[in-house]
Visitor: 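The structure that follows is given in the form of structure tokens.
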Amino acid sequence: MDQLLGLAAENLISPIILSFALGVAASLARSDLSIPEAVAKGMSIYLLFAIGFKGGVSVADHGIDGRLGLALLAGITLSFVLPLIAFALLRVMTRIDTLDAAAVAAHYGSISIVTFVAATSVLESQGLAAEGYMVAVAAAMEAPAILSALWLVARGGDGARKMEPNLLREIMLNGSIVLLVGSFFIGWATGKEGLADIAPFIVSPFQGVLCLFLLDMGLVAGRGLREGGRIMRPGVLAFGVIMPLIGSVCGLGFGMALGLSTGGVALMMVLSASASYIAVPAAMRVALPEANPSLYLTLSLGVTFPFNLTLGIPLYLALAQTVNGG
Amino acid sequence: MDQLLGLAAENLISPIILSFALGVAASLARSDLSIPEAVAKGMSIYLLFAIGFKGGVSVADHGIDGRLGLALLAGITLSFVLPLIAFALLRVMTRIDTLDAAAVAAHYGSISIVTFVAATSVLESQGLAAEGYMVAVAAAMEAPAILSALWLVARGGDGARKMEPNLLREIMLNGSIVLLVGSFFIGWATGKEGLADIAPFIVSPFQGVLCLFLLDMGLVAGRGLREGGRIMRPGVLAFGVIMPLIGSVCGLGFGMALGLSTGGVALMMVLSASASYIAVPAAMRVALPEANPSLYLTLSLGVTFPFNLTLGIPLYLALAQTVNGG
Amino acid sequence: MDQLLGLAAENLISPIILSFALGVAASLARSDLSIPEAVAKGMSIYLLFAIGFKGGVSVADHGIDGRLGLALLAGITLSFVLPLIAFALLRVMTRIDTLDAAAVAAHYGSISIVTFVAATSVLESQGLAAEGYMVAVAAAMEAPAILSALWLVARGGDGARKMEPNLLREIMLNGSIVLLVGSFFIGWATGKEGLADIAPFIVSPFQGVLCLFLLDMGLVAGRGLREGGRIMRPGVLAFGVIMPLIGSVCGLGFGMALGLSTGGVALMMVLSASASYIAVPAAMRVALPEANPSLYLTLSLGVTFPFNLTLGIPLYLALAQTVNGG
Amino acid sequence: MQTHQAKRVEITIEAVMESRLTDALKKSGVTGYTVLPVLGGSGRSGAWSRAGQISRASGMVQVVCIIRPDRLDDLLEGAFAVVERHIGVVTVTDCVVLRAERF
Amino acid sequence: MQTHQAKRVEITIEAVMESRLTDALKKSGVTGYTVLPVLGGSGRSGAWSRAGQISRASGMVQVVCIIRPDRLDDLLEGAFAVVERHIGVVTVTDCVVLRAERF
Amino acid sequence: MQTHQAKRVEITIEAVMESRLTDALKKSGVTGYTVLPVLGGSGRSGAWSRAGQISRASGMVQVVCIIRPDRLDDLLEGAFAVVERHIGVVTVTDCVVLRAERF
Ligand SMILES: Nc1ncnc2c1ncn2[C@@H]1O[C@H](COP(=O)(O)O)[C@@H](O)[C@H]1O
Ligand SMILES: Nc1ncnc2c1ncn2[C@@H]1O[C@H](COP(=O)(O)O)[C@@H](O)[C@H]1O
Ligand SMILES: Nc1ncnc2c1ncn2[C@@H]1O[C@H](COP(=O)(O)O)[C@@H](O)[C@H]1O
Ligand code: NA
Ligand code: NA
Ligand code: NA
């Protein structure tokens, strides 16, 4: 417990978290501080490329173990199942309607790659290794949740609603999945030598770029809270904190069952606990335009993301260490 | 004197200054070289974050001394008073009207953070330390000058002109102040450990980013000179060189009185000598829209900024060394 | 031959080439992966600045040898003459009309700086030095080809067509030429000391930035192939591969005649073999708007660029080594 | 100069719907369109701004389409099918164009 | 398709004034507006371009507002109070809209 | 409010031609213009998009010019000389403006 608190405290005063907090504070105070859209997108491309590449190099380095396939399967299963849990929870805890509940549920089945990245750097600072292929698992978990949500809506009687043509292809080939998987394979193919070439770009400055990126996420989250704050009823808010905990426990179970390393289990928990704020919102705008974007964006980016970033990650890590040893 | 010339010459052939010169030359020659607005804004965010953070780390490192409060007070006083001097000087030296004179004066009371950054790297290359909290002083000096200018205009009889609602909040919470102060506190809170995490991002590439940023400033300054050149009458031009000298002497006095280190005195001189080209122009467009932006932008960015960058900084440093020792 | 294959294979699985391939694949698969225009432009400014600067430093370092002037002359001559060869070849091999043929020819006389940059990093990884002033030769080769193309069109009877006013100045002072030449002089003036200041920015992360930049070029090239694929008739396609080979042989001749180092000869070959995709397309849109941009862009960016990047560079290098020794 | 009557249709719509809208426009027979970026806006579903957006989800674009007046109904029907369930605004203005053969 | 008469008001104004203008529009009762970026321009106060601007001071934006014709006067009065002392251009065009209930 | 008849001319043209067009506009006597960025589009010469463009060659911009109705012919003639050989679209709309003395 002491160790957990220590880790949480240490985590809280890292430049990364404080940059996020600065962003939230600046936008709540209505400062005009903002990061240009192109720069924010550029940084997210950098982070995806770097994290995918490093994952691939680590697989090249340690060899691929038979668990890769199982881990992918586990991720896909989690992504399909978590929205069902989330949906049920929302119907119990809140009064939001089927459509909104399904849309929110999709976000919680999918993942937030920035939460994953932040967890990776906490692991690194603790000297804990994790399976390199976890980035591939992350990519695999992005999309299935969307299908679950669409099924939940279709089942809800709105039978006329048919799958938008092209949507499936768009989801599977969305930019972040392609970049993450692509750079994973590049890292795998070029290995340590490839990494040596570009390490001064993708390794050394990584943490610093992450700070500025989180500053921007803080600005966006703060803006969301300022404008979407009213719809954050207590039940909804509580869901934003309880659901990641439930997700993390599911991730813990799957991670243990697979026999992942402690770092790997922690990352599986983080993936299950985190909620999408890029791929899923875009898909929802196409497929379920009547669902309220303020609701799912504010919940995912304004509540669950900060919760995971500050308290969730140290908690999941401590849990993984307790249960898995290490 | 010899040393001064040496320092000036060395300063003049640094990549930083030559990049600025390249920008000016390219835009005077009407090349289509340009840096996208988003990239320029991204670089300025980087520079503000890095300089604030490093200032904070230095305070965490050396402990805070009682002079911080006094230095802030000194900066605020300078920012309030320098516009009055600038205004009087403009009325004597030039024929520009009250409104334009007040708008120009506001720029010279406030500061240019890039001039400050350039001075910091000259100090570093000379192995001279300075108080880390000087970045906080820089932040404190951004805004007061605007109030002085508005008072100068109000006094001038245009009594109907009342303060725009929200303007004060906008000025105090403008993006660059918030980022500078925020990253200062982050650096302070996370100290040397925090710096170690992100030094490969905010320390090593700093000088290089500064080059590209100054290339852009050169392009903008050159464009201003090309278009605003006609209004640069001799008296106005002379003001753009004399006012920073006067400002620097005021800064010298305050710096000495406070007992700052030689580096600190030099930075106080630089702050007093430099003229704003971001925060103040924006405030002037809101509060004094009838004042001529070509005049104040060309003067600040096209005359005073290059003067400080090339000759001013070595001069102020030499003065600080002569008077303060070190 | 074995060595050639080895080099080609090694080249093919470098992060740089694989990033390009990822871009092509993503856009052929119609992924929405894209890099914001401002970020792409920012990276190209970075690459030009870095390559120019390093060239200048290398000249400062090794002293300037009498061959600089001759090398520039050789480059200019090649840039004037290659379009004539390309034009003749196009008339023989394809059915495209005079106007389109002239426009395409201009591209092959001019150069692609990214191909040059990629070749430089292959040289470096092989431990081969090259004359630093080759970047100046690159800059000198950008524009003359445009004049040849305009002459080819004028000769073709369309006598009424007179040179657009300002076009010549625009071409000579286009952003990439000015930046390349400017940073070359800055590097030359500041030398090793200047480089030491900014090496962590322009040297260490260079390869990594190049990866992301090539990812973007792959995306753009893939988009071009998807949309312009229909007009890529066999004759046109064959031209896109044969012309660089012819160009490289011309470059080899000039390089040998000048007595350049093996690295220098290889770079001269690469410059002659590569085709412009920035400066020349823009000039063609102004001067020959009736020429079909899909044709020249797809050919230059979708055929010749990938050919040079993957097979061309190792081939030219092997040739230079065989013929020149080293 | 010789000018011709035409209609200028401007559709402000979410960025995620852009390709669906332009596909529908093409199907309804338009010969071209232009897409303008949108920085921000406000409507019944609240205010939004492009600053700092990392997601495509909340951005909008404006698609402008110049057509011959007799094609207007086809276009509006095609566009409406896409816009119907989505937020967005459609306006039509009378205008004149040069080079009518292009439309 | 069923369309309705409306007015399209386009106001080109300095970026620093954007929030003041949109506040005034809201006060005058508009239900929505869209903000477009502006790259550059020229007028009595000279030419400017967005390239390389690091300051918000000299950029402009274009605010587009579609309204029912009977609301035009209120809007223009509200907007004019903001625009009056500032550089900028206001134009009003007749247009028709789909889904009139939105305006 | 007091408004005045004017013409709103919108010219979508390749970015490389921007300065030539605005020079021609100035020569034809206009007092100002505004340049808007264009994200992408489609026409007889195919589709294009600004994403990832590193070259100026394939981008477009939209130049908007508000003028007094009696100046329209001069403007169109000046603009047409530039646009003629190039891809691009010219539309003219009737509008009313505030502060007519500016145009
Ligand atoms: N009256 C209006 N005038 C101009 N743009 C509007 C108007 N109403 C809505 N919009 C635009 O359409 C978007 C969605 O509007 P809404 O569907 O009302 O939320 C807004 O963010 C604006 O960009
Ligand atoms: N006649 C015009 N047509 C279109 N835009 C204009 C016109 N006049 C001015 N503008 C725009 O308004 C800005 C300020 O104009 P001004 O107040 O005349 O300096 C210019 O930079 C242009 O963007
Ligand atoms: N009917 C149209 N409506 C709106 N924009 C158009 C239209 N036709 C062409 N454009 C624009 O003009 C550009 C060039 O058109 P084109 O000359 O037909 O290839 C296109 O990329 C579009 O941006
Ligand atoms: Na999840
Ligand atoms: Na000052
Ligand atoms: Na060539």
Side-chain angles (χ1 to χ4, degrees), chain B residues 9-47 50 118 120-122 124-126 198-216 218-219 222-223, chain C residues 35-50 52-54 56-57 60 166-206 208-209 278-279 282-283 286:
Chain B
E10 192 183 303
N11 186 37
L12 284 179
I13 60 155
S14 70
I16 287 175
I17 305 290
L18 292 176
S19 296
F20 180 79
L22 173 58
V24 173
S27 82
L28 289 182
R30 293 175 173 269
S31 164
D32 70 349
L33 179 60
S34 77
I35 293 191
E37 186 194 17
V39 173
K41 232 192 134 199
M43 291 193 291
S44 88
I45 288 168
Y46 167 86
L47 294 174
T120 315
S121 50
V122 171
E124 263 168 38
S125 74
Q126 303 288 316
I198 63 174
F201 179 63
I202 66 168
V203 178
S204 338
F206 189 83
Q207 292 270 74
V209 176
L210 188 55
C211 283
L212 284 192
F213 189 75
L214 284 173
L215 173 66
D216 183 53
L219 290 166
R223 218 173 294 142
Chain C
I35 293 190
E37 185 193 17
V39 173
K41 234 193 131 199
M43 290 193 291
S44 89
I45 287 168
Y46 168 86
L47 294 174
L48 289 167
F49 181 79
F53 195 97
K54 287 185 276 188
V57 170
N166 286 326
L167 183 61
L168 196 64
R169 191 184 50 72
E170 268 178 30
I171 296 169
M172 302 298 303
L173 289 177
N174 96 57
S176 43
I177 296 185
V178 167
L179 187 52
L180 202 57
V181 173
S183 55
F184 176 76
F185 279 114
I186 297 179
W188 194 349
T190 62
K192 287 231 143 175
E193 271 175 65
L195 184 62
D197 282 354
I198 64 173
F201 179 63
I202 67 168
V203 178
S204 339
F206 189 84
V209 177
I278 298 189
V286 173

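Sequence lines set the chain letters: A, B, ... in the order given, protein chains first and strands last, and positions in each chain run from 1.
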Visitor: How are the rings of C:F185 and C:W188 set relative to one another: parallel (under 30°), tilted (30 to 60°) or perpendicular (over 60°)?
Guide: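 The rings of C:F185 and C:W188 lie parallel, inter-plane angle below 30°.
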
Visitor: Counting only heavy atoms closer than 4.5 Å, note whether C:S183 contacts chain B via side chain, backbone, both or neither.
Guide: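 C:S183 touches chain B through backbone heavy atoms alone.
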
Visitor: When you measure from the side chain of B:D32 to the backbone N and O of C:N174, does any donor-acceptor pair fall under 3.5 Å?
Guide: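 Flag not set: sc B:D32 to bb C:N174 has no pair under 3.5 Å.
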
Visitor: Tell me, out of B:V39, B:I13, B:V209, who's got the most heavy-atom pairs with chain C below 4.5 Å.
Guide: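 Result: the option with the highest number of such pairs is B:V209.
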
Visitor: Between the side chain of C:R169 and the main-chain N/O of B:R30, is any donor-acceptor distance below 3.5 Å?
Guide: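 A pair under 3.5 Å: yes.
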
Visitor: Which one of B:S204, B:S121, B:S14 has the most heavy-atom pairs closer than 4.5 Å to chain C?
Guide: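 Greatest number of close heavy-atom pairs with chain C: B:S204.
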
Visitor: Side-chain polar contacts of residues 17-28 of chain B - donor-acceptor pairs under 3.5 angstrom, sequence neighbours left out - could you list them?
Guide:
| from | atom 1 | to | atom 2 | distance (Å) |
| --- | --- | --- | --- | --- |
| B:S19 | OG | B:P15 | O | 2.7 |
| B:S27 | OG | B:L219 | O | 3.1 |
| B:S27 | OG | B:R223 | N | 3.0 |

Visitor: So for B:L215, is it side chain, backbone, both, or neither that comes closer than 4.5 Å to the heavy atoms of chain C?
Guide: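 Answer is side chain: those atoms of B:L215 sit under 4.5 Å from chain C.
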
